[in-house]
Amino acid sequence: MAVVHVILSGGVGSRLWPVSRKSMPKQYIPMFGEKSLFQLTAERNAHLADQTLVVGNKDNYLLSQADLIRAGVHQYTEVIEAAPRNTAAAIAFAAFDLKSDDVILVTPSDHIITDEDAYAKAIAESIQLAKEGYLVTFGIKPSKPETGYGYIEHNGNEVIAFREKPNQSTAELFLEQGNFLWNSGMFCFQAGIYLEELKNFEPEIYETSLKTWEARSNAFLPETETMLIPSVSIDYAVMERSEKIKVVEATFGWSDLGSFESIWEHWENQGEVHHFKQNNCVVGSTKHVEFLGVSNLMLVETPDAILVLDKSNSQDVKKIYERLEREIPELVR
């Protein structure tokens, strides 16, 4: 039985446009002490697992390879998707490559974690529960009434219910009640148990994923078979339906850095004051920037685009990305 760190790295990071693009998604941008989020993820878990397996896509696997070398991870396995089909299938591909009793530690490639000791403790607890046959998810103790995350209602390790991304008043209620955690998108379980549950709840995803896996060419998955796989997250496909779920409450610092607001908060917490001017924030610009009569604004500059937003509207940047994808696709490549 091996513990295998599975890094999911198929996302584009559309809420961080124009910094994040298809050709350089947010997880590969060296914004954090000259390191990328992908590199930090690989480094953080290298000593906690026996093997590393990356599920990425055909557009970014070379970026993954370069960051793994920078992270000092020279032995790894790759699964290269022809097109993203969401996390239920991506994790199935990893599980197909492993032995049934291997423990999979699934992490996205674009999270920032602080307090490595607390992180290692949470991972050890999850691995033990996984060895006992449970599907483990990680819940983050909320620090504010966040509307951009799903929530887990819990009692200790027991999951009472999964909750969708709430509106502001519901998020405030969750925070007040005190037994709700942010759904982190990290998981731990045995490969065989995950595949059994996937086959039980979503046989079509299981069968089409298996056919795609069997038709692979080395690390590369074929496009024709890939496009037949229903695009469903692991949360909807398995975690919200299985009777084998446990949650580990994480006490480490965590952010998915999925929006400019979360980057603002991270830089603020780290004391990186050079990004800030008069309660506004500058991302990426090498020019001298001044603000007058405004606050809570973010100015984001790349060579071909400028985005100005109120940080409270960070979740809506994805809508700009989706519109540009239709109207001016070269601006998102």
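Everything numeric here is computed off the predicted structure, so don't read it as measured data.
- At distances below 3.5 Å, not a single donor-acceptor pair connects side-chain atoms of Lys311 with backbone N or O atoms of Ser295.
- Residues that satisfy the ring-ring contact (aromatic ring centres under 6.0 Å, His included) test with Phe138, not counting sequence neighbours, are absent from this structure.
- Within the 4.5 Å cutoff, side-chain heavy atoms of Val54 are placed close to those of Leu68.
- The number of heavy atoms from other shown groups lying within 6.0 Å of CD (Gln75) does not exceed 12.
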Working for salt bridge (Lys or Arg N to Asp or Glu O under 4.0 Å), residues Glu43 and Lys35: CA-CA 10 Å; Glu43 288 177 355; Lys35 294 182 179 182; 3.1 Å; yes
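- Under 3.5 Å, the side chains of Asn280 and Asn296 contain no donor-acceptor pair of N or O atoms.
- The cationic atom of Lys246 (NZ for Lys, CZ for Arg) lies less than 6.0 Å from the six-membered ring centre of Tyr134 and within 45° of the ring axis.
- Ser184 has its side chain within reach of Ile140: a pair of non-hydrogen atoms, C-beta onward, lies under 4.5 Å apart.
- Glu146 contributes no side-chain N or O that, together with a main-chain N or O of Trp182, makes up a donor-acceptor pair within less than 3.5 Å.
- In this structure, Arg21 contributes its side chain and Leu331 its backbone to a donor-acceptor pair below 3.5 Å.
- Looking only at atom types and distance, the side chain of Asn167 has a donor-acceptor partner in the side chain of Thr170 under 3.5 Å away.
- Contact check for Met186 versus Thr137: no side-chain heavy atoms found under the 4.5 Å cut-off.
- Leu173 forms part of no hydrophobic cluster, judged by ILVMFWY side-chain heavy-atom separations under 4.5 Å.
- The neighbour count for Lys58 NZ, taken as heavy atoms of other residues, nucleotides or ligands under 6.0 Å away, is above 12.
- Salt bridge annotation for Glu261-Arg15: absent, with no cationic side-chain nitrogen under 4.0 angstrom from a carboxylate oxygen.
- Under the side-chain contact (heavy atoms from CB on, under 4.5 Å) criterion, Gln270 pairs with Thr114, His266, Glu272, not counting sequence neighbours.
- Listed by chain and number, the hydrophobic cluster partners of Leu175 come to none, as no ILVMFWY side chain reaches under 4.5 Å of it.
- A heavy-atom distance below 4.5 Å is not found between the side chains of Cys281 and Leu299.
- For the ring-ring contact (aromatic ring centres under 6.0 Å, His included) test, residues two or more places apart in sequence or in another chain that qualify with Phe180 are Phe174.
- Taking a 4.5 Å side-chain heavy-atom cut-off between Ile, Leu, Val, Met, Phe, Trp and Tyr, the cluster of Ile80 extends to Tyr61, Leu62, Phe220.
- Each salt bridge (charged side-chain N to carboxylate O under 4.0 Å, His left out) pair with one or both residues in residues 274-283, not counting sequence neighbours, appears once here: Lys277-Glu290.
- For the 3.5 Å distance criterion, the side chains of Glu125 and Asn157 qualify, holding a donor opposite an acceptor.
- A side-chain hydrogen bond (donor to acceptor under 3.5 Å, both in side chains) check over residues 88-109, counting only residues at least two apart or in different chains, returns the pairs His5-Thr107, Ser9-Ser109.
- At least one donor-acceptor pair closer than 3.5 Å links the side chain of Ser20 to the backbone N or O of Val12.
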Pair Glu132-Lys244, salt bridge (Lys or Arg N to Asp or Glu O under 4.0 Å): steps then yes or no: CA-CA 10 Å; Glu132 294 170 17; Lys244 300 179 179 180; over 6 Å; no
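- Side-chain contact between Asn183 and Phe162 is present, with at least one heavy-atom pair separated by less than 4.5 Å.
- No donor-acceptor contact under 3.5 angstrom links the side chains of Gln177 and Glu153, judged on distance only.
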Which atom pairs, one a donor and one an acceptor, fall under 3.5 Å between side chains of residues 81-93 and the rest of the protein, sequence neighbours left out?
| residue | atom | partner | partner atom | Å |
| --- | --- | --- | --- | --- |
| Arg85 | NE | Ile229 | O | 2.9 |
| Arg85 | NH2 | Ile229 | O | 2.8 |
| Thr87 | OG1 | Ile234 | N | 2.8 |

Glu265 and Lys144: CA distance, side-chain angles, deciding distance, salt bridge (Lys or Arg N to Asp or Glu O under 4.0 Å) verdict: CA-CA 12 Å; Glu265 290 171 355; Lys144 60 175 184 174; 2.5 Å; yes
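- Sorted by first and then second residue, the side-chain hydrogen bond (donor to acceptor under 3.5 Å, both in side chains) pairs with a member in residues 197-216 read Glu197-Ser242, Glu202-Arg241; sequence neighbours excluded.
- In this structure, the side chains of Met239 and Ile245 come closer than 4.5 Å at one or more pairs of heavy atoms.
- Residues satisfying the ring-ring contact (aromatic ring centres under 6.0 Å, His included) test with Tyr76, not counting sequence neighbours, are none.
- Inter-residue side-chain proximity for Val19 and Val283 is flagged as met; some heavy-atom pair is nearer than 4.5 Å.
- Heavy-atom contacts from other residues, nucleotides or ligands closer than 6.0 Å to OH of Tyr236 number 12 or fewer.
- The 12-atom threshold is not exceeded at CD of Glu176, counting heavy atoms of other residues, nucleotides or ligands nearer than 6.0 Å.
- Judged by distance alone, with hydrogens and angles left aside, the side-chain atoms of Asp115 form a donor-acceptor pair with the main-chain N or O of Ala118 at under 3.5 Å.
- Annotation: side-chain hydrogen bond (donor to acceptor under 3.5 Å, both in side chains) contacts involving residues 248-258, sequence neighbours excluded, comprise His111-Trp254, Tyr149-Asp256.
- Residues Phe96 and Leu135 share a single hydrophobic cluster, defined by chaining ILVMFWY side chains whose heavy atoms lie under 4.5 Å apart.
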